[in-house]
Amino acid sequence: MNTYNCPKCNQEFSAGSNYCKNCGYNLSIEFIENPTCPKCNKSFPAGSKFCDIDGMKLISQDKLAAYHRYTEASFGNRFLAFFLDGLVMTALSIPAFIAYSAGLIKLIDKQGDSPTPLFILAAFLYIIPFTYTLIKDGLGRGQSLGKKAVGLMVLHLPDNRPCTFGQSSLRNLFLMFFGLIPIIGWLAEPIMVLVSENGRRMGDRAANTMVIELNHIRYVK
Ligand SMILES: [Zn+2]
Ligand SMILES: [Zn+2]
């Protein structure tokens, strides 16, 4: 069995170890024994992380076949999922909307107690739809409710697993941020989906994710 040195503390470990016994470094995630570039197929020495030709993050040789089996989600399906998640978010916003409306009624009424507590309550209730929008792609098998309905999933490419809550938050923060910039910002990520390789928008690149058609693939556990 091959032995390697921990990239962090140089302690020797044998192939297949999950953690460094000296410093606890997560070798299962950070160390790839047979790294290969998913784009140009070049092989690299054990422990390499990025391709020196095109900068792609390297993946394990044995996950290469699965990587190439994925079918990129169509733009239409992604838009439909986005629309459905918009409906979910609207529904989740109803409690906040009710509290806000009740506050407005008190404000106009000018009688009785202050509307401020209702406005504060509305702000707190708005955390529900806000949180959903951030973490939605980490639900189930990398599927927001909209994506589940349409048959899409978000895959984390380096480890070939469904998107986590953290990865979902990262990729959706980009949409939220661009959403603050009228017109140009709203178009930025949809245009990226259309023109970029594998339909990976900026949020997908940051989180190392890709949206795939679930019906066409067998993802590797
Ligand atoms: Zn170590
Ligand atoms: Zn490459």
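Whatever order the structure lists them in is the order used to number ligands and atoms, beginning at 1.
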| query | What heavy-atom pair brings Asp85 and Ser144 nearest, and what distance separates the two atoms? | reply | OD2-OG, 2.6 Å

| Lys/Arg-Asp/Glu bridge criterion (N-O < 4.0 Å) met for Arg200, Glu72 | no

| query | Listing residue and atom name, which protein N/O/S atoms are closer to the Zn ion (ligand 1) than 2.8 Å? | reply | Cys6 SG, Cys9 SG, Cys20 SG, Cys23 SG

| What's the verdict on ring pair (Phe, Tyr, Trp, His ring centres under 6.0 Å) for Tyr25 and Tyr19, showing C-alpha distance, side-chain angles and the deciding distance? | CA-CA 6 Å; Tyr25 196 70; Tyr19 293 95; 9.6 Å; no

| task | Before giving the answer on salt bridge (Lys or Arg N to Asp or Glu O under 4.0 Å), spell out for Asp137 and Arg78 the whole-Å C-alpha distance, their side-chain angles and the decisive distance to 0.1 Å. | result | CA-CA 12 Å; Asp137 296 318; Arg78 281 181 80 163; over 6 Å; no

| message | Restricting to side chain to side chain donor-acceptor pair (under 3.5 Å), what partner residues turn up for Thr116, sequence neighbours left out? | response | Ser114

| request: Report the angle formed at the Zn ion (ligand 2) by atom SG of Cys51 and atom OD2 of Asp54, rounding to the nearest 10°. | output: 110°

| Roughly how far, to the nearest 0.5 Å, is NZ of Lys49 from CD1 of Ile32? | 8.5 Å

